[in-house]
Amino acid sequence: MSLLCRFCPSVHLSSPRCYIQEFYVPALDLSQNTSISNHTTVINPCLFFDLAFENILGDRSVRYGDGNLTFSYGRTAVANYVVPTFYQGKLKRADRREVVESSGVPWESAVKAVSNGSAAVFRVDLVARPRFGFWFWYSKRKGMRIGADVEVDGFGMKMKREDIRLTNLGASKTR
């Protein structure tokens with residue numbers, strides 16, 4: 001056993017947490033779009049989101065490489081975003097507020113769903129490979145595949161008031 005392993009016990013590192021704080025789809029905001037029919041094109045097919053990364057480890061920093069964020073409607077991917085590389089200190093929170101343009105969303109059925117009082121459901125999946133900081137070195141990259149369903153109402157906003165935590169894809173109901 002090496003000297004380094006003697007003084008650095010093997011510890012299971014829990015993954016940093018990630019939340020959807022805000023999610024807005026202007027095309028589903030019925031107060032803005034008074035009449036959408038099959039012949040009207042959607043004026044703003046963008047998705048606005050606020051993503052929060054939370055490092056819950058008090059003794060480790062996290063260095064993220066580029067992460068891939070995929071937005072889906074039904075089983076179809078409608079938008080992609082690359083979260084740029086960043087560093088996150090111990091017990092710190094990092095926010096990313098961005099806009100992506102979507103394509104391939106069946107807007108007629110989504111608008112019909114929210115106008116009937118139900119929700120349009122978007123899926124948000126994140127694939128990243130963070131590294132954890134130990135004294136003077138970083139660990140190997142740890143695979144992280146997390147996701148969550150986001151229900152959107154007739155105002156184009158996510159229905160849940162609290163932040164939506166992205167969880168392990170292995171535990172997901174839809175995947």
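Ser102 contributes no side-chain N or O that, together with a main-chain N or O of Ala79, makes up a donor-acceptor pair within less than 3.5 Å. Using modelled atom types, no side-chain atom of Asp149 and backbone atom of Arg123 make a donor-acceptor pair closer than 3.5 Å. Checking side-chain atoms of Asn44 against main-chain N and O of Cys46 turns up a donor-acceptor pair under 3.5 Å.
Separating the CZ atom in Arg17 from the CG atom in Asp163 is a distance of 12.5 Å, to the nearest 0.5 Å. Asp125 contributes atom CG, which lies 9.5 Å from atom CZ of Phe71 (distance to the nearest 0.5 angstrom).
No chain of hydrophobic side-chain contacts below 4.5 Å, direct or via other Ile, Leu, Val, Met, Phe, Trp or Tyr residues, connects Val100 to Val121.
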Problem - Check against salt bridge (Lys or Arg N to Asp or Glu O under 4.0 Å), Arg97 and Asp95 - result: CA-CA 6 Å; Arg97 180 172 284 198; Asp95 295 318; over 6 Å; no

Problem - Intermediate values then yes/no, ring pair (Phe, Tyr, Trp, His ring centres under 6.0 Å), Tyr73 and Phe122 - result: CA-CA 5 Å; Tyr73 187 82; Phe122 285 84; 5.1 Å; yes

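Counting non-hydrogen atoms of neighbouring residues, nucleotides and ligands closer than 6.0 angstrom, the CZ atom of Phe48 exceeds 12 such neighbours.
Shown here for Ala120 and Val114, the closest heavy-atom pair between the two residues is N-CG1, 3.8 Å. The two residues Arg131 and Ser139 come nearest to each other via the heavy atoms NE-O, 3.5 Å.
By the 4.5 Å heavy-atom criterion applied to side chains, Trp107 and Leu28 are counted as neighbours. Within the 4.5 Å cutoff, side-chain heavy atoms of Asn68 are placed close to those of Val82. Under the 4.5 Å side-chain criterion, counting only non-hydrogen atoms from C-beta, Asn80 is not in contact with Leu69. Side-chain contact between Val124 and Phe49 is absent, with no heavy atoms from C-beta onward closer than 4.5 Å. Side-chain contact between Phe132 and Pro16: present, with at least one pair of heavy atoms (C-beta onward) separated by less than 4.5 Å.
Between Tyr64 and Phe86, the ring planes are parallel. Angles under 30° get that label, and only those over 60° would be called perpendicular.
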